[in-house]
Each structure stands twice: as C-alpha cells, then as structure tokens.
Amino acid sequence: YKMKIDTENGKIKHKKAEIEVSNIEKIVCKKMFSGKKIEPCLDIITKDKVEMIIPLIMNKKAEFVTVIKKINQDKFTIE
C-alpha cells in the first residue's frame, strides 16, 4: 500500500491514480468503514467531481495528514 506526495510538482500519487493538487476542490478527513474496521480516511473531491476515498492504513497517519493539510490549507476539513 503506497502513497506519495510530490510537493515539487504538486501531485498526490496513490496506486495508479495521480491527483493534481491544483485540481482538488475539497479534502475531508473522516472515519469510514474499511472492510470490517472503522479507519480514518481521506475523501478527496476534484473540481471535475471525481471522488477518491483513501483509507489511511499506514504507520505515520498524523504526519501524512499534516503534510496534506499544509499543502491544501483552505480546502482541508476534519469531520
């Protein structure tokens, strides 16, 4: 399970998907079901109304969310 944030080019890479940071309309961090467990997830909605739900199944969740929030301060919310 890999996810990369390219701050130089302004891209978030997850599996085969690549999201331009400038194309993001809204990012919401919330708890959702992932399989049988409740996990924190990022719900990313782009300007062309594409929704990506990314479960935060990783060791450094807080650091990852902090970097995402720093890149998209005005578009990031927590529910």
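The structure presented is a predicted model; accordingly, all values stated were derived computationally and were not measured.
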| said: Under the rule for side chain to side chain donor-acceptor pair (under 3.5 Å), what residues qualify as partners of Lys75, not counting sequence neighbours? | reply: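 Listed in chain order: nothing, the list is empty.
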Rounded to the nearest 0.5 Å, how far does [atom2] of [Y] lie from [atom1] of [X]?
| X | Y | atom1 | atom2 | value |
| --- | --- | --- | --- | --- |
| Leu42 | Met32 | CG | CE | 10.5 Å |
| Ile5 | Ile71 | CD1 | CD1 | 5.0 Å |
| Cys29 | Ile68 | SG | CD1 | 10.0 Å |
| Glu25 | Ile45 | CD | CD1 | 7.0 Å |

| field | Test: Lys31 and Glu79 ion pair at under 4.0 Å | value |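 Salt bridge: no.
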| Check: Ile44 and Glu51 side chains under 4.5 Å, non-hydrogen atoms |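 SC-SC contact between Glu51 and Ile44 ruled out.
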| said: When you group the ILVMFWY residues by side-chain heavy-atom contacts below 4.5 Å and let the links chain together, are Met58 and Ile38 in the same group? | reply: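 Ile38 and Met58: separate clusters.
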| Do Ile78 and Leu56 belong to the same hydrophobic cluster, where Ile, Leu, Val, Met, Phe, Trp and Tyr are linked whenever their side-chain heavy atoms lie under 4.5 Å apart, directly or via other members? |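 Result: yes, single cluster for both.
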Distance-minimising heavy-atom pair for [X] and [Y]:
| X | Y | answer |
| --- | --- | --- |
| Asn9 | Glu20 | O-OE1, 4.3 Å |
| Ser22 | Lys47 | O-NZ, 3.1 Å |
| Lys30 | Asp43 | NZ-OD2, 3.5 Å |
| Met52 | Ile19 | SD-CD1, 3.2 Å |
| Cys41 | Pro55 | SG-CA, 3.6 Å |

| task | Quickly, which of Val67, Asp6, Ile24 forms a side chain to side chain contact (heavy atoms under 4.5 Å, CB included) with Ile12? Name it, please. | result |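 Running side chain to side chain contact (heavy atoms under 4.5 Å, CB included) over Val67, Asp6, Ile24 with Ile12 returns exactly one hit, Ile24.
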| task | Step through the shown structure and confirm whether more than 12 heavy atoms of other residues, nucleotides or ligands are within 6.0 Å of NZ on Lys61. | result |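 Atom NZ in Lys61 is crowded, with more than 12 foreign heavy atoms closer than 6.0 Å.
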| message | Does atom CG (Asn59) have a neighbourhood of more than 12 heavy atoms from anything else shown, all under 6.0 Å? | response |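 12 or below, so no.
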| Transitive ILVMFWY cluster of Val50, excluding itself - 4.5 Å side-chain cut-off |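 Besides Val50, the hydrophobic cluster comprises nothing; the residue is isolated.
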| message | Please evaluate residues Met3 and Ile54 with respect to the criterion side chain to side chain contact (heavy atoms under 4.5 Å, CB included), reporting the C-alpha separation (whole Å), side-chain torsions for both, the decisive distance (0.1 Å), and the verdict. | response | CA-CA 9 Å; Met3 185 164 218; Ile54 302 170; 3.1 Å; yes
| query | Would Val21 and Asn72 count as a side chain to side chain contact (heavy atoms under 4.5 Å, CB included) if you check the C-alpha gap in whole Å, the side-chain angles of each, and the deciding distance to 0.1 Å? | reply | CA-CA 8 Å; Val21 173; Asn72 298 297; 3.2 Å; yes
| Could you go step by step and tell me if Lys11 and Lys4 meet the side chain to side chain contact (heavy atoms under 4.5 Å, CB included) rule? | CA-CA 8 Å; Lys11 295 182 181 179; Lys4 291 183 181 181; over 6 Å; no
| message | Show, in sequence, the C-alpha distance, side-chain angles and deciding distance for Phe76 and Val28, and conclude whether the side chain to side chain contact (heavy atoms under 4.5 Å, CB included) test is met. | response | CA-CA 6 Å; Phe76 186 86; Val28 181; over 6 Å; no
| field | Set of residues satisfying side chain to side chain contact (heavy atoms under 4.5 Å, CB included) with respect to Gln73, sequence neighbours excluded | value |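 Applying side chain to side chain contact (heavy atoms under 4.5 Å, CB included) to Gln73 gives none.
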